[in-house]
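A, B, ... follow the sequence lines: proteins, then strands. Residue 1 opens every chain. These numbers come from a predicted model, not from an experiment.
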Amino acid sequence: MSDTPPDNSYRPDQVEAKWRARWAERGTNSPDLDHPTRPFYNLMMFPYPSAEGLHVGNMFAFTGSDVYGRFKRLQGYTVFEPMGYDAFGIHSENYALKVGKHPAQLIPENIANFRRQLERVGGMFDWRHVLSTTDPEYYKWTQWIFLQLLKAGKAYKKKAAVNWCPLDKTVLANEQVIDGRCERCGTAVEQRFLEQWFFRITEYCERLLANLDNLDWSETTKTAQRNWLGRSEGAEIVFEVMGGQAVRRSEEVAGGSIAQPPNRPAASITVFTTRPDTLFGATFMVLAPEHPMVAALTTAAQKPEVEAYVRAAAAQDLVSRKVGEREKTGVFTGGYATNPITGKQVPVWIADYVLMEYGTGAIMAVPAHDERDFAFARKYALPIVRVLGPAGEGRSDSSALTEAIAETSEMVLVSSGRFDGMTADAAKRAITQQLAGEGRGKAVVQFRLHDWCISRQRYWGPPIPVIYCDGCGAVPVPEKDLPVLLPAIEDFRPDDSGISPLARHEEWYYVPCPTCGKRARRETDVSDTFLDSAWYYLRYPSTEFHDRPFDKARTRTWCPVTTYIGGNEHAVLHLLYSRFLAMVLKDLGHIDFEEPFTRFRAHGLIVKDGSKMSKSKGNVVVPDEYIAQWGADTFRMYLMFLGPLQVGGDFRDAGINGPRRFLDRVWLMVAEAEDSGGELRKELVTRWHATRKKVAEDLEGLHYNTAIAALMELVNAIKEEGCRDRALIQDLVVMLAPFAPHFAEECWERLGHTTTVFDAGWPAWDEALVVSDEIEVPVQVNGKTRSRVMVARGATEKAVLAAALADEITRRFVGDKPPKKVIYVPNRLLNIVVG
RNA sequence: GCUCGGGUGGCGAAACUGGCAGACGCAUGGGACUUAAAAUCCCAAGAGGAGCAAUCCUCAUGUGGGUUCGAUCCCCACCCCGAGCACCA
């Protein structure tokens with residue numbers, strides 16, 4: 001302890017501070033964006049700057065992406081690797097409320113801390129192009145994007161349900177609803193319908209789905225998007241209805257409209273189904289409680305019960321309404337509809353298991369072949385008719401069914417008139433066709449995806465740039481008046497008044513109408529955080545332009561993003577919204593690509609003691625202490641060596657001294673390196689070239705753990721030889737640079753270089769030298785490895801067999817009998833099969 | 001329930017997607033250096049067994065079957081863990 005370490009020992013704190021300063025001073029990480037040699041846009045998902053700072057999971061993700069960016073730089077690309085802060089949103093607002101501070105004060109503090117951590121870990125960030133979504137310079141253009149969509153008819157306003165706490169008199173986000181109650185006061189949450197802004201993302205469903213096939217993205221992410229889009233093919237089928245008493249079939253076909261005076265209600269209900277083949281089994285109908293036809297259908301006798309049910313459904317919050325596996329409930333309206341293919345009268349019910357947002361908000365119920373309908377029919381004693389069964393089987397007694405019958409490939413239609421005997425697929429087409437011919441149905445494609453609601457009845461976000469005028473209606477804020485600044489109000493917390501916080505701020509709320517100049521009111525909703533993050537990649541290359549969101553030339557040079565690495569928790573929303581927005585911007589002529597991220601890879605999660613790190617679980621690991629104790633480079637190597645980037649793993653600090661020992665060894669080698677002049681042993685040369693190749697390939701595939709292992713093997717080989725060859729050691733330093741950038745820079749300088757190691761170029765390998773010409777081939781007898789023989793690379797089967805049979809051990813197992821069969825995989829394996 | 005991952009030594013993991021299972025590292029044991037410890041260096045090591053020995057044998061990739069000369073990898077059935085979605089008609 002009292003010993004002073006020798007001058008040349010590896011001192012990470014000093015080395016890292018030195019190179020952080022150098023990089024900043026020399027602008028090493030800020031490429032010339034206007035004159036790149038081969039542009040490479042290396043993007044990682046920008047963080048939300050929480051008060052706790054970056055945890056080990058963030059560091060894992062950012063380092064993983066940074067290693068890749070540094071590797072690309074070594075390969076000769078001009079790498080642009082920016083970083084920013086996703087600082088608007090409910091997280092920040094809630095935290096600010098909790099600690100009783102203003103988010104406008106908290107966020108800059110948090111950002112400063114994030115910046116310190118990000119620099120400390122050695123990311124290759126171009127700090128000249130940093131951004132924060134809360135900066136008016138940024139959200140000015142978020143608002144501008146809203147206006148472009150509004151102008152193009154891609155944004156519209158409609159009433160939509162929100163969670164409403166009747167005590168706090170405020171809107172709650174879904175995550176603030178716990179077991180149907182307000183997380184703050186515990187009051188039961190109900191639904192309210194508010195006018196909100198939407199983006200027409202559903203117009204882009206087919207395109208969003210089709211493009212996925214050609215994207216170089218993690219398969220898991222693509223699958224998640226496909227499921228979220230939820231395309232299904234089916235049919236819309238029109239049922240004619242009558243209220244309480246039978247009426248003549250109306251000629252009216254259009255869905256949902258009332259064709260007759262209210263005293264003789266005759267109209268139709270359109271349902272969506274993916275199973276038109278089961279139409280003969282549709283024995284009742286169910287409408288969502290909110291369906292516009294409910295009132296017209298309900299008979300006087302049923303009215304009290306129906307109205308009570310509708311009210312109860314509305315009183316539920318949005319979260320618990322959608323929780324599955326609940327006991328089915330419903331009420332008979334008293335009305336009947338006509339099954340368009342059987343002509344039979346079927347009762348019309350309402351139930352909250354039918355959702356107004358999907359399909360047409362009405363279903364035909366086929367209890368024999370749908371679990372939900374089956375449960376409902378059982379509970380309310382509704383008829384069950386089986387229409388799919390084994391070929392040749394006649395009318396089967398369906399009332400005895402104990403569960404819904406799932407379709408299997410052997411089943412055909414039964415009890416379905418002229419369609420009997422058809423396969424389900426054939427019947428889908430045939431029945432849809434017949435209905436279409438009669439004007440009572442058509443084939444349609446449905447998506448699960450809904451339009452994107454961007455309104456938030458909150459404070460901490462970009463105000464939606466619209467002004468309401470009594471004379472002119474909703475008027476977009478003129479572009480020259482952007483940004484609509486978020487006023488710095490102290491009373492940003494929701495209160496009992498029932499109006500959103502911005503509306504209370506009168507100087508801000510009342511403005512002259514841009515069209516007529518009369519007193520008008522601002523929109524008081526702010527936009528969704530996902531809108532901020534849906535276009536940030538476009539802003540990075542253009543942060544120094546104040547008169548445009550993204551410069552045309554810059555965007556053409558740098559976009560779309562070459563490689564994007566981020567968490568799979570954003571597999572759906574963030575990535576889908578970004579794709580949608582790029583399509584819109586392309587269609588409007590602002591950009592010339594429609595897929596923003598050419599290559600996307602999802603990194604794994606770092607967990608602690610088996611569960612995701614979160615403050616509530618108290619298992620957040622702060623990286624700062626580790627970095628202080630071991631150095632950023634050791635910490636980076638440790639994280640990357642833990643396991644594959646795309647898998648993640650459990651954080652244990654047990655092995656962190658391994659990478660450190662490794663760096664210490666390399667440090668010594670660098671100190672002792674000399675021009676050896678002499679020939680290196682052949683095996684070492686092979687190892688050298690093989691390592692150049694393997695590490696490059698592993699880096700490209702993000703298999704960092706095996707790349708590091710290969711470097712360790714090379715070091716072990718060099719040590720075993722006692723080799724001091726400068727050229728070899730120099731190469732080692734270059735290959736280490738993506739993982740341990742400060743360390744590599746220092747070694748590089750000590751090896752006599754004056755420029756950054758990242759301009760050194762990736763060492764090229766000679767394919768002929770990657771493999772040795774003498775190889776060891778395992779010899780199996782009856783599939784079990786018994787021996788090995790040394791042969792020349794490319795030796796023939798005959799030669800290898802002869803060598804094997806000359807081997808004493810092999811002969812013992814083969815015996816004197818001639819081999820029954822010989823399998824030879826060139827250069828890999830010989831298997832001798834004996835009787 | 002559905003979708004997608006995953007299950008390999010004491011631990012983190014590897015294995016060219018059918019070809020020597022356990023590379024690399026951690027922890028461990030032994031040795032060297034040291035007054036001692038730390039650090040460093042060298043050696044050992046999947047489990048079980050035979051042998052004085054060098055060595056040799058058997059069993060092993062969640063479980064049970066199958067295909068194959070050969071299976072961690074492919075097929076069938078099942079168990080467990082993780083993530084996401086969840087009444088989507």
Subject >> Contact state string [nucleotides 18-23 of chain B, B base, S sugar-phosphate only, - no protein heavy atom under 4.0 Å] >> reply: -BBS-B
**OP:** Scan nucleotides 42-48 of chain B nucleotide by nucleotide, 5' to 3', and note B when protein non-hydrogen atoms come under 4.0 Å of the base, S if they reach only the sugar-phosphate, - if neither.
**Re:** -------
Answer with base, sugar-phosphate or nothing: what part of the nucleic acid does [X] contact at a heavy-atom distance below 4.0 Å?
X      : result
A:D373 : nothing
A:A224 : nothing
A:F813 : sugar-phosphate
A:N657 : sugar-phosphate
A:R786 : sugar-phosphate
A:R665 : sugar-phosphate
A:P644 : sugar-phosphate

Original post:
Hey, mind stepping through A:Y626 and A:D653 against side chain to side chain donor-acceptor pair (under 3.5 Å) and telling me if it holds?
Top reply: CA-CA 9 Å; A:Y626 289 98; A:D653 51 15; 2.7 Å; yes
Original post:
Side-chain donor or acceptor of A:K328 under 3.5 Å from a matching atom on the base of B:C87?
Top reply: yes
Subject >> Under 4.0 angstrom between A:R661 side-chain N/O and B:U40 OP1 or OP2 >> reply: yes
Original post:
Has A:K222 got a side-chain N or O lying under 4.0 Å from the OP1 or OP2 atom of B:G84?
Top reply: no
Rounded interatomic separation in angstrom, taking [atom1] from [X] and [atom2] from [N]:
X      : N     : atom1 : atom2 : value
A:F739 : B:C24 : CZ    : P     : 17 Å
A:H450 : B:C85 : NE2   : C1'   : 13 Å
A:E357 : B:C87 : CD    : P     : 10 Å
A:E700 : B:C16 : CD    : P     : 19 Å
A:H574 : B:G84 : NE2   : C1'   : 17 Å
A:Q646 : B:A83 : CD    : C1'   : 15 Å
A:M637 : B:C26 : CE    : P     : 12 Å
A:K784 : B:A60 : NZ    : C1'   : 11 Å

Under a 4.0 Å threshold between the charged nitrogen and the carboxylate oxygen, would [Y] count as salt-bridged to [X]?
X      : Y      : answer
A:K719 : A:E721 : no
A:E774 : A:R793 : no
A:D664 : A:R660 : yes
A:K694 : A:E697 : no

Whether [X] side chain and [Y] backbone form a donor-acceptor pair below 3.5 Å:
X      : Y      : value
A:S218 : A:T221 : no
A:N831 : A:G783 : yes
A:T706 : A:H703 : yes

Could you measure between the two [atom1] atoms, the one in [N] and the one in [M], and give it in whole Å?
N     : M     : atom1 : value
B:U40 : B:U58 : C1'   : 40 Å
B:U63 : B:C11 : P     : 15 Å
B:U8  : B:A23 : P     : 16 Å
B:G22 : B:A15 : C1'   : 9 Å
B:A86 : B:C69 : P     : 49 Å
B:A60 : B:C80 : P     : 24 Å
B:C87 : B:U68 : C1'   : 47 Å
B:C74 : B:C81 : P     : 23 Å

Original post:
Looking at A:D277, A:T273, A:T278, which hits side-chain hydrogen bond (donor to acceptor under 3.5 Å, both in side chains) with A:R275?
Top reply: A:D277
Original post:
If each of A:M364 and A:G648 is mapped to the nucleotide of RNA chain B with the nearest heavy atom, which maps nearer the 5' terminus, i.e. the 5' end?
Top reply: A:G648
**OP:** Using heavy atoms to find the nearest nucleotide of RNA chain B for A:S232 and A:I656 separately, return the residue whose nucleotide is more 5′.
**Re:** A:I656
Subject >> Neighbour count >12 (heavy atoms, 6.0 Å) for atom CD, A:E371 >> reply: no
Original post:
For atom NZ of A:K379, is the number of surrounding heavy atoms from other residues, nucleotides or ligands below 6.0 Å larger than 12?
Top reply: yes
Subject >> Axial cation check for A:F376 ring with A:K328, 6.0 Å and 45° limits >> reply: no
Original post:
A:F813 ring centre to A:R786 NZ or CZ under 6.0 Å, with the angle to the axis within 45°?
Top reply: yes
**OP:** Identify the two heavy atoms, one from A:V385 and one from A:F280, that lie closest to each other, and give their separation to 0.1 Å.
**Re:** CG1-O, 4.4 Å
Subject >> Side chain of A:L642 (C-beta onward), nearest among B:G12, B:U3, B:U58 >> reply: B:G12
Original post:
Between B:U58, B:C56, B:A89, which one does the side chain of A:I809 approach most closely?
Top reply: B:C56
Original post:
Where does B:G82 land, syn or anti, once you apply the within-90°-of-0 test for syn?
Top reply: anti
Original post:
What would the secondary structure line of RNA chain B be in dot-bracket form, counting Watson-Crick and G-U wobble pairs under 3.5 Å, with [ ] for pairs that cross earlier ones and | for pairs with another strand?
Top reply: (((((((..(((......[....))).(((((.......))))).(((((....)))))..(((((..]....))))))))))))....
